[in-house]
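Numbers for residues simply follow the sequence, beginning at 1. Note that this is a predicted model, so its numbers are computed, not measured.
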Amino acid sequence: MTMIGQALNRVDGPLKVSGKATYAYEHWVDGIQPLYGFVVGATVGTGRITRVDTARAEAAPGVHTVMTHHNTQEQGTPDLSIPFEYWRAFPALSGPDIHHYGEPVAFVVAATFEQARAAAQLVDVEYAGGPGSYDFAAAQDQAYTPESLILGIPADTAVGDFDAGFAAAEVTIDQRYTTPCVLSQPLEPQACLVVPRGEDLVVYASAQIVDAARSSVANTLLMDPKHIHIVSPYIGGGFGSKLRIHYETILAALAARALGRPVKVAVTRQQVFHLTAVRPMANQRMRLGAGRDGRLVAIAHNVTMHTSRHSEYVEPTATTTRSLYAAPNRSTSHRMVPLDLVRGEDVRAPGEAPGMLAVESAMDELAHELGMDPVELRILNEPKVDPERGVPYSERKLVECLREGARRFGWERRNAEPASMRDGRWLVGYGMASAIRVHLQAETKVLVRLGPDGAAVVRTDMTDIGTGTYTILTQVAADGLGLPPDRVRVELGRSEFPLSAGSGGSWGAANTSTAVHRACAALREKVLATACGDARSALHGRDAADAVFADGSVSIGGASESLSDIVARDHPEGVEAEGEILGMSDEPNYRDYAIHTYGAHFVELGVDADTAEIRLRRMLGVFSAGRALNAKTARSQLMGGMIWGVSAALDEELIIDQDTGGFVSRDLAQYLLPVHADIPDLDAVLLEGFDDKANVLGAKGIGELGICGAGAAMANAVFNATGVRVRDFPITLEKVLPGLPPMDD
């Protein structure tokens, strides 16, 4: 039985549950006690530092240095010719200007974390504050059109004549949906240990993309990348917040070089809010025009979002609509409003996560207006080819997800009349939404080596952010070489290993697994060439094309020989091969096909008729993402995304102080996230599939698919339960309570 797809337990599980998996902050240097750094953040949102007094901090117990813009070494500046910002320089303490609240203004390094934190309170900073712009709604007149989206994707698209199509439509929806700033909250906060070794720096970091971390540190410190060594074997969650390194790593590297001592930094949970980055707040206008039969004739998705005045980030929010439903007249656009806030960066499912809150809510509104079943409306508008690009889909099973989800969920029990289903004092609602997520591919290399004992080692700088990379690569290598999983060792997260695209964008598993598959194929050829040509081998003279690798042996016809014997005899030093996958620009399938993953969410929830308290009762997601590499970790990823969708609908919101641009809700007591009691009954089903246009394994990314559309299904269920349509996310009690229907005593 093939190992690929099996529900193999995590091979790194025993290390994690026993506390032996070493995360960034847990590394130690033998015989050398590290120093500890603590960041002092700005208390204004814009302006300049006019005076900084570090005397009291420097005199505090255990303090080794206090760094400010006055005594920090020269650093590189971001090179905009580097296409992806995560590889660019990320300078810290480089000048007196303040760009956002919480930006580092000093860095205290002491013998212990407690000493550094205490001394940080003694740094005295004075500012000449400038007028900041923090109000998104008030700055709409400053909106501009960005040059492009990521990967050069156009900011705006148009097909047909939207205005004419919309004007002629028999039924129209024209609504705005607003989403707040939100951010990733991985269990492991940003942390690092930087160790100077002669001309080199060894950086133990929590980094999703090792090469990006290496390049960014090198570009910032004006060093040759060969002198930067990144170590990131285990990561306690990322969700986009660790695609690039942030201030803590740059400051630790600067201090380690200056002091010649290892320096550790772990930001506090409150500091995570201002020292990383956010998903931009957005105002999304959705317009749908349809005939009385429900067929869309016009669709427009126009997004206005905020961006940092000093570092543009464009979330591809309207791209959600470009491939989802058929309509001859179409328009999508992105507009940016510059504010003096923390920079924007990718947060899980950038684009689709906020975009589908709008488009799938609007589709539900259209279904209600038409008196049509929401599932059937979506199926009716299923496109035959990509409606904007005009190319065929590779593997599209959205209709199957909708049908199977409705069957499993019992959708036929839904009452279409809002506020008509009740359970005592609870108003009960059903809601659903589609899911779509683009499948991406980026250049990745892997080295697989067979030792004379017949065991395999897989090496790549790919990272495991908790998704199960160690496990799926073990399975693919075991499958490719005919070995049991315990004869495969996977080594990840070191910059000395072959270059990968890292973990992000749901591309990591498919990229790296395909490269491992190809490396194993090349390795089999090397082994067979020597065995079949060696008179000492039982396989001598046989046709290598008939070879079968299984159970640690190689068989051709009736002859068999153990893999360990072949390698020990013919390759006493071991034998290795490299596998590679190219980026999308070099892969014609990404030009000739629209390659996505799909899903359908179904929700039942209750709304308290007196308090408007919303309680999820059950949730089902049915998904299509090609071939599953590991059934267990795939389901886990999908369920995690669904829970995040619940959070986006009901909980998450950064409240901005309009005087400083700081976040008022900057801890987990105020920035709300679901807990176990909030998610009582959840299930994710992955349909069988194989997308041969995506890669040779037929697998596509699933890490972000689960969140796409999940929040809209919640919002649609709230409407079905109460008749209250909330378009300003998150859906909180005060937004629902005034519209609740009266209850009979």
Side-chain angles (χ1 to χ4, degrees), residues 173 175 177 179 353-354 356-369 371-378 401-402 405-435 599-609 611-622 639 641-652 674 677-684 706-733 735-737 739-741:
I173 298 294
Q175 296 292 352
Y177 304 86
T179 51
M356 297 207 75
L357 283 170
V359 67
E360 286 301 284
S361 293
M363 284 293 285
D364 196 71
E365 295 205 48
L366 178 61
H368 179 71
E369 184 70 21
M372 191 172 183
D373 184 281
V375 173
E376 297 306 319
L377 175 65
R378 287 162 172 82
C401 291
L402 291 164
R407 183 189 70 80
R408 287 173 178 257
F409 188 78
W411 181 251
E412 73 280 0
R413 296 195 296 270
R414 168 184 177 267
N415 192 322
E417 181 64 28
S420 61
M421 295 191 293
R422 304 194 176 188
D423 180 10
R425 301 297 298 178
W426 290 89
L427 301 164
V428 178
Y430 282 21
M432 60 79 52
S434 295
H601 298 276
F602 294 84
V603 165
E604 178 187 338
L605 54 74
V607 180
D608 188 284
T611 67
E613 175 187 354
I614 302 168
R615 286 291 178 186
L616 177 66
R617 293 187 167 197
R618 60 191 179 103
M619 188 174 192
L620 169 69
V622 177
M639 292 174 69
M642 293 166 66
I643 293 168
W644 198 327
V646 174
S647 185
L650 303 183
D651 299 319
E652 293 185 69
D678 296 318
I679 313 294
D681 185 357
L682 187 74
D683 194 15
I707 188 177
C708 301
M714 292 289 295
N716 297 338
V718 170
F719 173 75
N720 182 246
T722 65
V724 179
R725 175 66 67 179
V726 179
R727 303 183 182 93
D728 177 32
F729 292 93
I731 304 171
T732 52
L733 305 186
K735 298 173 186 176
V736 177
L737 188 60
L740 286 182

Review point. Rounded to the nearest 0.5 Å, how far apart are CG of Leu620 and NE2 of His601?
Key: 10.0 Å

Check your understanding: Is any side-chain heavy atom of Val718 less than 4.5 Å from a side-chain heavy atom of Leu605?
Key -> yes

**Study point:** Contact check, side chains of Met714 and Ile731, non-hydrogen atoms, under 4.5 Å
**Key:** no

Point to revise | Approximate separation, where rounding is to 0.5 Å, of Thr722 OG1 and Ile614 CD1 | key: 8.0 Å

Practice item. Answer yes or no: is there a side-chain heavy-atom contact under 4.5 Å between Pro730 and Asp651? Key: no

Point to revise | Asp364 vs Arg725, side chain to side chain contact (heavy atoms under 4.5 Å, CB included): CA-CA, chis, key distance, verdict | key: CA-CA 10 Å; Asp364 196 71; Arg725 175 66 67 179; 2.7 Å; yes

Practice item. Mind checking the CZ-CG spacing from Phe729 to Leu357? Nearest 0.5 Å is all I need. Key: 4.5 Å

Exercise for review: Can you measure from CD (Glu652) to OG1 (Thr179) and round to the nearest 0.5 angstrom?
Suggested key: 11.5 Å

Point to revise | Residue pair Ala717 / Val603: nearest heavy atoms and the distance that separates them | key: CB-CG1, 3.8 Å

Revision key, fill the gap. Taking every heavy atom of Ser361 against every heavy atom of Tyr177, the minimum-distance pair comes out as CB-CE2, 3.6 Å

Check your understanding: Is there side-chain contact between Met432 and Leu402, with at least one heavy-atom pair below 4.5 Å?
Key -> yes

Study note, to complete from the structure: Gly711 and Ala649 have their tightest heavy-atom pair at O-CB, 3.6 Å

**Study point:** Rounded distance (nearest 0.5 Å) linking atom CD of Glu417 with atom NE2 of His368
**Key:** 7.0 Å

Point to revise | Chi angles and distances behind the side chain to side chain contact (heavy atoms under 4.5 Å, CB included) call for Ile679, Leu616 | key: CA-CA 7 Å; Ile679 313 294; Leu616 177 66; 4.1 Å; yes

Point to revise | Qualifying residues under side-chain contact (heavy atoms from CB on, under 4.5 Å), relative to Met639, sequence neighbours excluded | key: Arg635, Leu682, Ala684

Exercise for review: Using the test side chain to side chain donor-acceptor pair (under 3.5 Å), find all partners of Arg422 that sit at least two apart in sequence or belong to another chain.
Suggested key: none

Practice item. Might you point out which heavy atoms bring Val607 and Ala721 nearest each other, and give the distance in Å? Key: CG2-CB, 4.0 Å

Review point. Mind checking what makes side chain to side chain donor-acceptor pair (under 3.5 Å) contact with Arg615, not counting sequence neighbours?
Key: Glu613, Asp678

Check your understanding: Side-chain contact, heavy-atom cut-off 4.5 Å: Leu427 with Leu740?
Key -> yes

Review point. Does a side-chain heavy-atom distance below 4.5 Å link Phe719 with Val724?
Key: no

Check your understanding: Phe602: what forms a ring-ring contact (aromatic ring centres under 6.0 Å, His included) with it, not counting sequence neighbours?
Key -> Phe409, Trp411

Review point. Does the distance from a Lys or Arg side-chain N to an Asp or Glu carboxylate O, for Arg727 and Glu365, drop under 4.0 Å?
Key: yes

**Study point:** Glu360 and Arg378, any side-chain heavy atoms less than 4.5 Å apart
**Key:** yes

**Study point:** From CE (Met363) to OG (Ser434), nearest 0.5 Å
**Key:** 7.0 Å

Check your understanding: Between the side chain of Asn720 and the main-chain N/O of Asn716, is any donor-acceptor distance below 3.5 Å?
Key -> no

Practice item. For Glu369, enumerate each residue passing the side chain to side chain donor-acceptor pair (under 3.5 Å) test, keeping only those at least two apart in sequence or located in another chain. Key: none

Revision key, fill the gap. Heavy-atom closest pair (Ala713 atom, Ala433 atom, distance to 0.1 Å) is N-CB, 3.7 Å

Review point. Which heavy atom in Arg617 sits nearest to a heavy atom in Asp681, and how many Å separate them?
Key: O-CB, 3.4 Å

Practice item. Please list, chain by chain and in numerical order, all residues satisfying side chain to side chain donor-acceptor pair (under 3.5 Å) with Arg414, sequence neighbours excluded. Key: none

